[in-house]
There are 2 protein chains.
Amino acid sequence: MLSERQMMILRAVVRDFTNTGVPVGSKALAKQLPIHVSSATIRNEMAALEEQGLIKKTHSSSGRIPSVEGYRYYVDHLVKPDPLQPNDMDVIQSSLGGDFHKIDEIISQSATILSNLTSYTAFTLKPELKDARLSGFRLVPLGRRQVMAILVTDGGDVENQTFDVSEDVKGDQLEAVVRLINDQLVGLTLPEVIKKLQLDIPVQIANYLQSPTGFLDIFGDVLTRAAQERFYVGGRLNLLNFSQDSDVDSLKSLYSLIDQSDDIANVLGQPSDNISVQIGNEMTNDALRNYSLITATYDVDQHGKGMIAILGPTRMPYSRMLGIVGAFREELAKKLLDYYRFYDE
Amino acid sequence: MLSERQMMILRAVVRDFTNTGVPVGSKALAKQLPIHVSSATIRNEMAALEEQGLIKKTHSSSGRIPSVEGYRYYVDHLVKPDPLQPNDMDVIQSSLGGDFHKIDEIISQSATILSNLTSYTAFTLKPELKDARLSGFRLVPLGRRQVMAILVTDGGDVENQTFDVSEDVKGDQLEAVVRLINDQLVGLTLPEVIKKLQLDIPVQIANYLQSPTGFLDIFGDVLTRAAQERFYVGGRLNLLNFSQDSDVDSLKSLYSLIDQSDDIANVLGQPSDNISVQIGNEMTNDALRNYSLITATYDVDQHGKGMIAILGPTRMPYSRMLGIVGAFREELAKKLLDYYRFYDE
DNA sequence: CTTAGCACTTGTATAGTTTGAGTGCTAAAA
DNA sequence: TTTTAGCACTCAAACTATACAAGTGCTAAG
């Protein structure tokens, strides 16, 4: 249990350290704090805080820096999100102000805005109606030997891919395949489709085509791409700003983590209604040991919920970041509601 | 003009330095060279080479490193491409061996292979029939409010984009737009299309739609994307391996150069039938000052020519790299000929 | 409970020293 | 004329010593 004064000190330590990156000592705090006590008193309190594992020294006679637990306590009990800078609000509104013709453009743009505002790396996921179902599949012949496969879900997601077919594949064969898929698979959730695709379909499709594997591969490709959570990343390179000292290998593994769409959903964690902060080794993933992740859901009513997140150093200025993330998710939700309102009715 | 012995020394300096990264001195050379001369003799010869600007010292009493001109001379006159390691050949053949349904998959895969073989960053461009012409445009309605725009060129490139339309846009309106575009624009080269799109079309399209801008934007988008040279990058992160010391800013500008498709064509330069090497500041672009670029065309007969390239440090082992690039372009051309043969006839 | 005072620790910065690899030059040998 | 041994010289890098500043814990007095 912390006294008022200890909280004040912990708050100041976190503030100072996240701003300057330098361990903070008792003297500096004594000057800075609103109450009037000597540095010796502060030293005593700091010893108590260290006792509880909230702050620590970098070496035996250094100032203190927050431990992961200290950050945790700060984030849970002490921090107050900064109100957004008017300037930042302008940036958001003008960047989101344009005319968009795709949800994905808005979401992808959001990742960029968020990374610019924070100068960290940002992630955005679009609102996901869970259990999206397959609502349509087409094969569109494009020329002598090209066909485009298009898959649509009832959530409005579209996935497509062009591929080459040898010319002896007849148009009516293609149609037969499309009819088969639409008859058998439309209305199912994507995982169900994937399952059926491996069991029932190959047998049936063999009736129409001599070498069916090609088509199934294609359809499978498009399908799995549609099934996996898509996310956008903004400010990838910002990682370089604050990882300078850390070695190349850990940077590389971090980048491959970011580019690997499978893992990212796990990393971001379950959507919750609150803004959540994961600090350093609280995350299971080793590559994130020295980073913090702020995630937040945004809510677009019946169109589902999406997520935004920023990834920065453990010593990020949490109050400012929480302010930005909080404000941004509101703006994004508004924008999306507008967008849906326009195209829906 | 260089004597035989000077050439031998220059070659050895480049070899040694590209392998070890350490300036090479007279003593080490004396031991290593096939002829039997003292280090003093080597020193004299090195002084002569330095006189001609082919090698230089890092400080007044250091060993020598090649200058850009020295690399140039080495690459132009002294280097002999290493034959490919059998192991490397296996990698190429197995990686390209699979079944592909898209040219782009082969080209993109190639960038990955090439970056793995070299452990540098690799670029690949697909074979380009110059002056590709617009051969078709479609608008495919996908659901209540989504439409996909598809553009096809006679080179077989497909570009597409999904967008939302408000529901009061009628199907026959879409058809009218498509007909208009196909009547007026098919057969023209893409730059011509872009020009016409800005002049004639807006007037005509106004007859069919109240708010035509949306559609033209979409078409324009898809069009410009199709018009610009597409290229693939492999091993982006490898830049981190050999740029460790260099500062974050230059790394960032290099990455943004790589991701900016407009510039890359200029950087790679004109296709020539030979393998070409650009060294350090021979390249106009500032961000590439400390790098070297090896580019090569590959030839797929009537299907045009493409390019591959690798970007590495100025002190790359040129002989090995030239061997890899040379062998790879052959294999790639073969693979593509196979591919076209299968789908063409 | 607070604080002044003090001894102690440690990282950083600066300056001086040593070492080793390398150079250019000179004069003798080939 | 070319090659080579020898030597004085240069410079980066590694190490040592010293001083300094910021900070700590502890003690004893207020």
Side-chain angles (χ1 to χ4, degrees), chain A residues 1-10 12-67 70 244-245 315, chain B residues 1-10 12-67 70 244-245 315:
Chain A
M1 201 49 210
L2 299 189
S3 70
E4 276 301 318
R5 196 166 65 186
Q6 286 172 336
M7 290 188 192
M8 180 185 294
I9 290 174
L10 177 56
V13 169
V14 175
R15 281 260 177 84
D16 246 45
F17 181 67
T18 52
N19 284 331
T20 67
V22 178
V24 338
S26 55
K27 227 170 178 174
L29 282 182
K31 243 182 261 168
Q32 189 190 105
L33 286 182
I35 55 174
H36 196 77
V37 287
S38 77
S39 64
T41 307
I42 308 249
R43 277 203 288 287
N44 289 334
E45 295 287 36
M46 285 173 107
L49 287 170
E50 182 162 17
E51 189 74 14
Q52 304 195 43
L54 297 174
I55 58 181
K56 62 187 177 186
K57 293 184 272 194
T58 59
H59 60 84
S60 77
S61 74
S62 76
R64 305 303 212 294
I65 66 174
S67 68
Q244 287 156 329
D245 46 345
R315 48 155 289 227
Chain B
M1 200 50 207
L2 299 188
S3 70
E4 276 301 320
R5 195 166 65 186
Q6 287 171 337
M7 290 188 193
M8 180 185 292
I9 290 174
L10 177 57
V13 169
V14 174
R15 279 262 179 82
D16 247 45
F17 182 67
T18 51
N19 284 331
T20 66
V22 178
V24 337
S26 54
K27 227 168 175 176
L29 282 182
K31 243 183 261 167
Q32 189 189 105
L33 286 182
I35 56 175
H36 196 75
V37 287
S38 77
S39 65
T41 308
I42 308 253
R43 276 203 289 287
N44 290 334
E45 295 285 38
M46 285 173 107
L49 286 171
E50 183 163 16
E51 187 75 14
Q52 304 194 44
L54 298 174
I55 58 181
K56 62 187 178 187
K57 294 183 273 194
T58 59
H59 61 86
S60 77
S61 74
S62 77
R64 305 303 212 293
I65 65 174
S67 67
Q244 287 156 328
D245 47 345
R315 49 157 287 231

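A note on names: the letters A, B, ... follow the listed sequences, proteins ahead of strands, and every chain is numbered from 1. All values below were derived from every heavy atom in this structure, side-chain atoms included, with hydrogens, water molecules and symmetry-related copies excluded.
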Rounded to whole angstroms, how far apart are [atom1] on [X] and [atom2] on [N]?
X        : N       : atom1 : atom2 : result
Gln6(A)  : dC1(C)  : CD    : P     : 12 Å
Asn44(B) : dT26(C) : CG    : P     : 12 Å
Asp16(B) : dG22(C) : CG    : P     : 11 Å
Ile42(A) : dA4(C)  : CD1   : C1'   : 15 Å
Ile9(A)  : dT2(C)  : CD1   : C1'   : 13 Å
Glu45(A) : dT2(C)  : CD    : C1'   : 11 Å

Does the pair Ile55(B) and Ile9(B) meet the rule for a side-chain contact (heavy atoms from CB on, under 4.5 Å), with working shown?
CA-CA 10 Å; Ile55(B) 58 181; Ile9(B) 290 174; 5.8 Å; no

Does OP1 or OP2 of dT2(C) have a side-chain N or O of Thr41(A) closer than 4.0 Å?
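Answer no for this pair, as no side-chain N or O of Thr41(A) is under 4.0 Å from OP1 or OP2.
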
Reckon Arg5(A) has a side-chain N or O less than 4.0 Å from the OP1 or OP2 of dT2(C)?
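Arg5(A) to dT2(C) OP1/OP2: side-chain N or O found under 4.0 Å.
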
I need the Gln52(B) CD to Ser67(B) OG distance, nearest 0.5 Å.
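With rounding to 0.5 Å, CD (Gln52(B)) is 10.5 Å from OG (Ser67(B)).
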
Is there a side-chain contact (heavy atoms from CB on, under 4.5 Å) between Val13(A) and Leu49(A) once you walk through the steps?
CA-CA 11 Å; Val13(A) 169; Leu49(A) 287 170; 5.8 Å; no

Does the side chain of Met8(B) reach to within under 4.5 Å of the side chain of Ser3(B), using non-hydrogen atoms?
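No - every pair of side-chain heavy atoms lies 4.5 Å or more apart.
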
Could you write out each protein N or O paired with an N or O of nucleotides 10-15 of chain C at a distance under 3.5 Å?
residue, atom, partner, partner atom, Å
dT10(C), OP1, Ser60(A), OG, 3.2
dT10(C), O4', Ser61(A), OG, 3.2
dT10(C), O3', His59(A), ND1, 3.4

If you look only at pairs with a residue in residues 14-35 of chain B, which of them pass as a salt bridge (charged side-chain N to carboxylate O under 4.0 Å, His left out), with sequence neighbours excluded?
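Listed by first then second residue: nothing to list.
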
How would you list, by chain and number, every residue that makes a side chain to side chain contact (heavy atoms under 4.5 Å, CB included) with [X], sequence neighbours excluded?
X        : result
Ala28(B) : none
Thr58(B) : Pro23(B), Ser62(B), Ile65(B)
Thr20(B) : Val22(B)
His36(A) : none

Who pairs with Glu50(B) by side-chain hydrogen bond (donor to acceptor under 3.5 Å, both in side chains), at least two apart in sequence or on another chain?
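By the side-chain hydrogen bond (donor to acceptor under 3.5 Å, both in side chains) rule, Glu50(B) matches Arg64(B).
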
Could you check which residues of residues 23-38 of chain B get a heavy atom under 4.0 Å from DNA chain C? Sort them by number, please.
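Per residue number, the list reads Gly25(B), Ser26(B).
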
Can I get a per-line list of side-chain donor-acceptor pairs under 3.5 Å for residues 40-47 of chain A, giving both atom names and the distance, sequence neighbours left out?
residue, atom, partner, partner atom, Å
Thr41(A), OG1, Ser38(A), OG, 3.3
Arg43(A), NH1, Ser26(A), OG, 3.2
Arg43(A), NH1, Ser39(A), OG, 3.4
Glu45(A), OE1, Gln6(A), NE2, 3.2
Glu45(A), OE2, Arg5(A), NE, 2.7
Glu45(A), OE2, Arg5(A), NH2, 2.8

Contact boundaries on DNA chain D for chain B, cut-off under 4.0 Å to non-hydrogen atoms
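So the outermost contacting nucleotides come out as dT3(D) to dA12(D).
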
